Chemist: 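Before anything else, here's the structure in question.
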Amino acid sequence: MEADSKPKKSGARLCCVCNQNRAALKRPKTLEQICRECFYAVFEEEIHQVILENQLFKPGERIAIGASGGKDSTVLAYVLSELNRRHNYGLDLFLLSVDEGITGYRDDSLETVKRNELQYGLPLKIVSYKDLYGWTMDEIVKMIGLKNNCTFCGVFRRQALDRGAALLKVDKVATGHNADDIAETVLLNILRGDIARLSRCTSIITGEDGPIPRCKPFKYTYEKEIVMYAYFKKLDYFSTECIYSPNAYRGFAREFIKDLERIRPRAILDIIKSGEDFRISTTTKMPEQGTCERCGYISSQVTDAFTLPDTL
């Protein structure tokens, strides 16, 4: 009787997709118990469907993948290479990296990108702040201090990507922005009251009216799932955070999003959906986009507010 009263050990949970293999993880997006092979399959298929439904690419296009060496861009390079081969997209893929000149961070991450170049067989182009602008991010921070340095870097990085893409003569730039990033941006623009950016921050393709559009194949892909995919696939990526980013304003939005996700996993997708459904009244006066007289790049002012003096 004593032996019968002991609780029996329950068997291992089976994958809810194939119902054959043992479940290896719980998907953060859906909370489904799933095996590794099925996780790879659904992860890649979801990205494939996003590419098809949004017509992100056309056969024969040259696509630059913004490669930082981090988890997002490394997984993007790997998955796009696989999908391009598997589904015959007919794309010419390239890796495009920006060297901001941050000692102990970017120099190390670029070594990862160089290994990815060999691992995935994708040509690599590196453009640097020093070559493009005459100074590095380390020199900028030394001059302006740690306040607002991420704002400076963001402006310069976007321009550097455009210039690198022009050198590669590509048709589009694919970036590793994931669902968490986009949800954070929606929240940031609400907190800042930035209606202009709020109206376009959820677009999966941006810059269509410019020379080189950008697209986000990971728009609906959770950051945690990207990390899991990279971990299980044993992909080679750089995981150290930028030494100048701990005090960034975006960090507060990121922590809030993580708290929401713990309570309700679909919160990230809900925030993105809210941003997509956002509509601006026709009577609202929007800021006009101009061109900097000094460098010729996009600016809201006659001279770019982020152009540093020549004496740096």
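By convention here, the first residue in the shown sequence is residue 1. The structure presented is a predicted model; accordingly, all values stated were derived computationally and were not measured.
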Chemist: Are Q119 and D236 linked by a side-chain donor-acceptor pair shorter than 3.5 Å?
Modeler: yes

Chemist: With the threshold set at 4.0 Å, does a side-chain nitrogen-carboxylate oxygen contact exist between D162 and R214?
Modeler: yes

Chemist: Evaluate whether atom CZ of R22 has more than 12 neighbouring non-hydrogen atoms of other residues, nucleotides or ligands under 6.0 angstrom away.
Modeler: no

Chemist: Pairing donors with acceptors under 3.5 angstrom, does anything connect the side chains of D138 and T103?
Modeler: yes

Chemist: Are the side chain of D181 and the backbone of N178 linked by a donor-acceptor contact shorter than 3.5 Å?
Modeler: yes

Chemist: Would you mind checking if E223 and K29 are paired as a salt bridge, meaning a charged N to carboxylate O distance below 4.0 Å?
Modeler: no

Chemist: Checking D107 side chain against G104 main chain: does a donor-acceptor pair fall under 3.5 Å?
Modeler: yes

Chemist: side-chain contact (heavy atoms from CB on, under 4.5 Å) between I195 and F278: does it pass, once the steps are laid out?
Modeler: CA-CA 10 Å; I195 295 174; F278 182 80; 4.2 Å; yes

Chemist: For D131 and S128, test the side chains for any donor-to-acceptor distance below 3.5 angstrom and give the result as yes or no.
Modeler: yes

Chemist: Identify whether V227 and F218 are in the same connected component of the hydrophobic contact network (ILVMFWY, side-chain heavy atoms under 4.5 Å).
Modeler: no

Chemist: Under a 4.5 Å side-chain heavy-atom rule over Ile, Leu, Val, Met, Phe, Trp and Tyr, are L14 and I34 clustered together?
Modeler: no

Chemist: Would you say F57 and D171 make side-chain contact, with heavy atoms under 4.5 Å?
Modeler: no

Chemist: Can R27 and E46 be counted as an ion pair, charged N to O under 4.0 angstrom?
Modeler: yes

Chemist: Quick one: pull up OG in S68 and CD in E100 and give me the separation to the nearest 0.5 Å.
Modeler: 8.5 Å

Chemist: Do I205 and I63 share a hydrophobic cluster, counting only Ile, Leu, Val, Met, Phe, Trp and Tyr and linking them when any side-chain heavy atoms are less than 4.5 Å apart?
Modeler: yes

Chemist: Looking at R262 and D259, does any basic side-chain N land under 4.0 Å from a carboxylate oxygen?
Modeler: yes

Chemist: Kindly compute the distance separating CG (N21) from SG (C38), expressed to the nearest 0.5 Å.
Modeler: 6.5 Å

Chemist: Out of I47, V75, L93, which residue meets the side-chain contact (heavy atoms from CB on, under 4.5 Å) rule with L80?
Modeler: L93

Chemist: Decide whether L191 and I272 are clustered together by the hydrophobic rule: side chain heavy atoms of Ile, Leu, Val, Met, Phe, Trp, Tyr closer than 4.5 Å, transitively.
Modeler: yes

Chemist: In terms of ring plane angle, is the pair F156 and Y129 parallel, tilted or perpendicular, where the classes change at 30° and 60°?
Modeler: perpendicular

Chemist: Determine, using the 4.5 Å side-chain heavy-atom cutoff (strictly less than), whether Y237 and I126 are members of one ILVMFWY cluster.
Modeler: no

Chemist: Using distance alone, with no hydrogens and no angle criterion, decide if R106 and S109 have a side-chain donor and acceptor under 3.5 Å apart.
Modeler: yes

Chemist: Could you tell me the separation between the CD1 atom of I65 and the CG atom of D72, rounded to the nearest 0.5 Å?
Modeler: 13.0 Å

Chemist: Between R264 and D270, does a salt bridge (charged side-chain N to carboxylate O under 4.0 Å, His left out) hold up when you go through it step by step?
Modeler: CA-CA 10 Å; R264 175 181 165 81; D270 291 341; 2.8 Å; yes

Chemist: Taking it one step at a time, do H48 and H87 satisfy side-chain contact (heavy atoms from CB on, under 4.5 Å)?
Modeler: CA-CA 9 Å; H48 173 56; H87 298 288; 3.4 Å; yes

Chemist: Would you kindly say whether E261 and Y222 are connected by a side-chain donor-acceptor distance under 3.5 Å?
Modeler: no

Chemist: Is any NZ, NE, NH1 or NH2 atom of the basic residue among D180 and K258 found under 4.0 Å from an Asp or Glu carboxylate oxygen of the other?
Modeler: yes

Chemist: Are any side-chain N or O atoms of T74 and backbone N or O atoms of K71, one a donor and one an acceptor, separated by less than 3.5 Å?
Modeler: no

Chemist: Using 0.5 Å steps for rounding, measure from the CG atom of D99 to the CZ atom of R157.
Modeler: 10.0 Å

Chemist: Tell me whether E276 is salt-bridged to K273, with the criterion being a basic N under 4.0 Å from an acidic carboxylate O.
Modeler: no

Chemist: Anything under 30° is parallel, anything over 60° is perpendicular, the rest tilted; go ahead and classify F39 against F43.
Modeler: tilted

Chemist: On the ring face of Y40, is K233 found with NZ or CZ under 6.0 Å from the centre and within 45° of the axis?
Modeler: yes

Chemist: Could you give the distance from CD1 (I212) to CZ (R62), rounded to the nearest 0.5 Å?
Modeler: 11.0 Å

Chemist: Taking side chain as C-beta onward, heavy atoms only, is L76 less than 4.5 Å from P217?
Modeler: yes

Chemist: Quick one: are E184 and F256 in side-chain contact, heavy atoms under 4.5 Å?
Modeler: no

Chemist: Nearest 0.5 Å please: distance from the CG atom of L269 over to the OH atom of Y220.
Modeler: 8.5 Å

Chemist: Could you check whether any side-chain heavy atom of C201 comes within less than 4.5 Å of a side-chain heavy atom of I182, counting everything from C-beta outward?
Modeler: no

Chemist: Check whether any side-chain heavy atom of D92 lies under 4.5 Å from a side-chain heavy atom of E61, and answer yes or no.
Modeler: no

Chemist: Just so I know, are the side chains of T240 and D108 near enough to count as touching, which here means a heavy-atom distance under 4.5 Å?
Modeler: no

Chemist: Indicate yes or no for a side-chain donor-acceptor contact from N84 to the backbone of G90 under 3.5 Å, with no hydrogens or angles considered.
Modeler: yes

Chemist: Is the number of heavy atoms from other residues, nucleotides or ligands under 6.0 Å of K130 NZ greater than 12?
Modeler: yes

Chemist: Evaluate the criterion salt bridge (charged side-chain N to carboxylate O under 4.0 Å, His left out) for residue pair E111 and K114; output intermediate values, then yes/no.
Modeler: CA-CA 5 Å; E111 292 304 313; K114 290 172 185 175; 3.4 Å; yes

